[in-house]
Asker: 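Structure provided below as structure tokens; questions to follow.
All figures in this text were calculated on a predicted structure; none of them were measured in a lab. Quick note: numbers below take in every heavy atom, side chains included, and nothing from hydrogens, waters or symmetry partners. Read the numbers this way: they start at 1 and go in the same order the structure lists the ligands and their atoms.
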Amino acid sequence: MRHAKSEAIFESARTIIPGGVNSPVRAWRAVGGTPVHMCAGEGAWISDVDGNRYVDMVLSYGPLILGHGHNRVKEALHQVVEAGTAFGAPTAGELELAQLITERHDPIEMVRLVNSGTEATMSALRLARAVTNRDGMIKFNGCYHGHGDSFLVKAGSGALTFGAPDSPGVPADLAKHTLVAEYNDLDSVRSLFDANPDQIACIFVEPVAGNMGCIQPAHGFLEGLRELCDKHGALLIFDEVMTGFRVAKGSYLSLCGVNPDLVTLGKVIGGGLPIGAYGGSRALMERISPAGDVYQAGTLSGNPLAVAAGIATLSELDQPGVYEGLEQRSAQLEAGLTEAAKSADVPLVVGRQGSMLCPYLRSQPVTCFDHVMQSDRERWTPFFHAMLDSGVHLPPSPFEAWFVSTAHDEAVIEHVIAAAHKAFASI
Ligand code: KE4
């Protein structure tokens, strides 16, 4: 495949955009080479500026659950854009999207729309700290909640007491309030509560971890977090920015039977346009300005275009059989990848929850961050490039989930599986 135009654009972009990209993962630092620059998408397919076509397994890192350019989404956007793009005033669409969210999530009685998942998690954390009057927060190794300062923290030397900044520019005085536990390890959470009595405002957890591949919660893990939060007076916050409306119409919380106090959403609810949301009980959310005293705002929060794309997407997901179809196609892909690796004698396990999945080059199940780090990341690079050469666009990192859309029909999935047979045989 030729990538001359991508290379030329990237060469110039790097001179005026940090790393040549507007989000780090897109720079392909983990896999090397020049990131292909995309210019068009249609259904499950995406095209780059050199005219190459790929089956897209990135789908903008989750939002495009209906695939690229779904007619219902495009029609909704055309209608809104004829009337305007932003009004700096409340609109009827914001109420409609809020209703679609609250009607499908019992724990969400009230919701605030923002512009990104990062804004959603930042705001939920501020609210949790305000209502508990505590500063501490527990997150999990390998989970990602956006780039808010309090989340860019790794376990500090005093792992049971202080978090340490995971990026320059994050004040140590702030990072120390973030404590890092191990995913699927309730004892590591108990230890943090015991070492920091009455100081922890909340636990932030991806109910299915989608930022270290795709790791499901162990039996009893989420229930255990709920119990610990109740025991210690902390809030349980499900970060469903990735899993929201992705794994079920009511997100993962509707599948696991555990009720969080706050939920963050994003990606799918904007249908590919910038959006985020956070919500919870009326009692909690009415602390948010202007109803309450916890400040949060945004010039383009609830933007009519993002709201229209979100309403169209969630309404389409309401169609009978949509999630069953996503499950069938995703299961077909999981089985095909497993078979392809086996036939090439490549160790592989696939983590999957509905239509988000991640193949790990490893023979043993993956249940935590350490397991992810033990997978064969070196062989991921040639696998990624072999798949690209066979017309499959994967996320350029072994830590990113793959996504299946309603446009990924059986033939498309078979194309990915055929490419995987060739790729596994070549690494
Ligand atoms: P954004 O600020 O990127 O909209 O959302 C942050 C976020 C919050 N919570 C979860 C569970 C998330 O997965 C994300 C963002 N996900 C990454 C993909 N791993 C976005 C891709 C990127 O950073 O370019």
Asker: Out of all atoms in ligand 1, which are within 4.0 Å of some heavy atom of Ser23? Include the element for each.
Answerer: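 Counting from 1, the qualifying ligand atoms are 22 (C), 23 (O), 24 (O).
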Asker: Out of all atoms in ligand 1, which are within 4.0 Å of some heavy atom of Ser116? Include the element for each.
Answerer: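 Near Ser116, the atoms of ligand 1 are 2 (O), 4 (O).
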Asker: Determine whether the aromatic ring centres of residues His408 and Trp402 are separated by less than 6.0 angstrom.
Answerer: no
Asker: Should you measure from each heavy atom of Glu206, which atoms of ligand 1 turn up under 4.0 Å away?
Answerer: 11 (C)
Asker: For the 3.5 Å polar cut-off, considering only N or O atoms, please tell me whether Asp239 and ligand 1 meet it.
Answerer: yes
Asker: At what distance is the nearest protein heavy atom to atom 1 (P) of ligand 1, and which residue and atom is it?
Answerer: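 Of the protein heavy atoms, Gly117 N, 3.6 Å lies nearest.
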Asker: Does Glu206 reach the main-chain N or O of Tyr144 with its side chain, forming a donor-acceptor pair under 3.5 Å?
Answerer: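 Such a contact is found between Glu206 side chain and Tyr144 backbone.
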Asker: Please check if any side-chain donor atom of Arg112 sits under 3.5 Å from a side-chain acceptor atom of Gln296, or the reverse.
Answerer: yes
Asker: Do His393 and Asp56 pair up side chain to side chain, a donor and an acceptor below 3.5 Å, judged on atom types alone?
Answerer: yes
Asker: Any atoms of ligand 1 less than 4.0 Å from a non-hydrogen atom of Val25? List them with their elements.
Answerer: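 It comes down to these atoms of ligand 1: 24 (O).
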Asker: If only side-chain N and O atoms count, and only distance matters, is there a donor-acceptor pair under 3.5 Å linking Thr313 with Glu316?
Answerer: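 Result is no, nothing qualifies.
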Asker: Run the numbers for me: atoms of ligand 1, each under 4.0 Å from some heavy atom of Met242, listed by number.
Answerer: 13 (O), 19 (N)
Asker: What protein heavy atom is closest to atom 19 (N) of ligand 1, reported as residue, atom name and distance in Å?
Answerer: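 The closest one turns out to be Asn211 OD1, 2.4 Å.
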Asker: To which protein heavy atom is atom 2 (O) of ligand 1 closest, and what is the distance rounded to 0.1 Å?
Answerer: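 Answer for atom 2 (O) of ligand 1: Thr118 OG1, 2.7 Å.
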Asker: Considering only heavy atoms, does Val241 approach ligand 1 within less than 4.0 Å through its side chain, its backbone, both, or neither?
Answerer: side chain
Asker: When you measure from atom 10 (C) of ligand 1 to every protein heavy atom, which one gives the shortest distance, and what is it?
Answerer: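 Residue, atom and distance for the closest contact: Tyr144 O, 3.3 Å.
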Asker: Answer yes when Asp185 and Arg190 have at least one side-chain N-carboxylate O distance shorter than 4.0 Å, and no when they do not.
Answerer: no
Asker: Under 3.5 Å, is there a donor-acceptor pair between the Arg246 and Ser355 side chains?
Answerer: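 Indeed, the side chains of Arg246 and Ser355 share at least one donor-acceptor pair under 3.5 Å.
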Asker: Among protein heavy atoms, which lies nearest atom 16 (N) of ligand 1, and at what distance?
Answerer: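 Scanning the protein heavy atoms, the shortest distance from atom 16 (N) of ligand 1 goes to Lys267 NZ, 3.1 Å.
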Asker: Closest non-hydrogen protein atom to atom 21 (C) of ligand 1, residue and atom name please, with distance?
Answerer: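 Atom 21 (C) of ligand 1 sits closest to the protein heavy atom Tyr61 CG, 3.8 Å.
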Asker: Determine whether Leu265 and Ile108 satisfy the following criterion, side chain to side chain contact (heavy atoms under 4.5 Å, CB included), listing intermediate values before the conclusion.
Answerer: CA-CA 11 Å; Leu265 297 166; Ile108 304 179; 4.2 Å; yes
Asker: Looking just at side-chain N and O atoms, do His105 and Ser251 make a donor-acceptor pair shorter than 3.5 Å?
Answerer: yes
Asker: Enumerate the atoms of ligand 1 whose separation from the nearest heavy atom of Glu400 is less than 4.0 angstrom.
Answerer: 18 (C), 19 (N)
Asker: Regarding atom 6 (C) of ligand 1: of the candidates Pro274, Gly210, Gly146, Ala401, which has the closest heavy atom?
Answerer: Gly146
Asker: Does Ser47 offer a backbone N or O that forms a donor-acceptor pair with the side chain of Arg53 under 3.5 Å?
Answerer: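 No; zero donor-acceptor contacts below 3.5 Å.
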